[in-house]
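Have a look at the structure below before the remarks.
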Amino acid sequence: MAKLIYSGIMSLDGYTADAKGNFDWSMPDEEVHGFVNELERPIGTYLFGRRMYQVMSVWEDMSLEGEPQVMRDYAELWKSADKIVYSTTLQGATTSRTRIEREFDANAVRALKEAAPRDMSIGGPVLAAHAIKAGLVDEFQLFLTPVVVGGGLRYLPDDVGLSLELLEERRFRNGVVYLRYAKRQ
């Protein structure tokens, strides 16, 4: 059975975006980006909400001329993975290997996990909250950024309690700390 992994970049005070929706403070440097690429390599399917999909879809046809190799590598990883976007408003997909689902169905995601030959990733805290509440997220990968934004969109939902086991940690030169946790059964 595939794992469902929730991965994201978070401020020190627990947010993925500030109160105005900005997340420019979260842009990874080359060292962190290269590490992210290695984490993404085994992912076969991305689950996204509309907003996260629209942010990430730039990787489909972004001009990468003159960009570092880590960006070109990530673009290839993005293009080679399947994408499922949960949206009631998106009219259609703008990227390849993408399908639109109108609502999050925990049972359908559970069945997808059981059938998937490769691990899956869920992106965006709003969609991830649904999967966390349904008990579907197996692993949490977070990049703790040395920034305090004071409010905004939280990485984790407020109304869920979880017991987690630390599997891995890593500190980067820019002060970012990577933490990987498994949900205790």
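Taking the six-membered ring where tryptophan is involved, the planes of Phe35 and Tyr178 are perpendicular, since the angle between them exceeds 60° and thus also 30°. Between Tyr74 and Trp59, the ring-plane angle classifies as perpendicular under the 30° and 60° cut-offs.
No more than 12 heavy atoms of other residues, nucleotides or ligands shown are found within 6.0 angstrom of CZ on Arg173. At most 12 heavy atoms of other shown residues, nucleotides or ligands fall within 6.0 angstrom of atom CD in Glu169. Remark: Arg184 CZ is packed, more than 12 non-hydrogen atoms of other residues, nucleotides or ligands lying under 6.0 Å away.
With hydrogens and angles ignored, the 3.5 Å screen pairs no side-chain donor or acceptor of Tyr181 with any backbone N or O of Leu142. Judged purely by atom type and a 3.5 angstrom limit, Arg118 uses its side chain to pair as donor or acceptor with the backbone of Ile43. Between the side chain of Asp18 and the backbone N or O of Gly150, no donor-acceptor pair lies under 3.5 Å. Looking only at distances, no side-chain donor or acceptor of Glu103 sits under 3.5 Å from a matching main-chain atom of Glu101.
With side-chain heavy atoms closer than 4.5 Å counting as contact, directly or through intermediates, Met27 stands alone and belongs to no larger hydrophobic cluster.
Leu4 contributes atom CG, which lies 6.5 Å from atom CG of Leu136 (distance to the nearest 0.5 angstrom). Distance check, rounded to the nearest 0.5 Å: CE of Met56 to NZ of Lys83 gives 9.5 Å.
For the residue pair Arg72 / Gln69, a side-chain donor-acceptor distance below 3.5 Å is found, with atom types taken as modelled.
Between Leu162 and Val160, the shortest heavy-atom distance links the atoms CG-CG1, 3.9 Å.
Every pair passing ring-ring contact (aromatic ring centres under 6.0 Å, His included) that includes a residue from residues 113-134 is listed here, sequence neighbours excluded: Phe104-His130.
Results of the side chain to side chain contact (heavy atoms under 4.5 Å, CB included) test with Asp82 over Leu47, Thr98, Thr45, Leu112 single out Thr45 as the only residue that passes.
Here Tyr155 pairs with Tyr6 under the ring pair (Phe, Tyr, Trp, His ring centres under 6.0 Å) rule; sequence neighbours left out.
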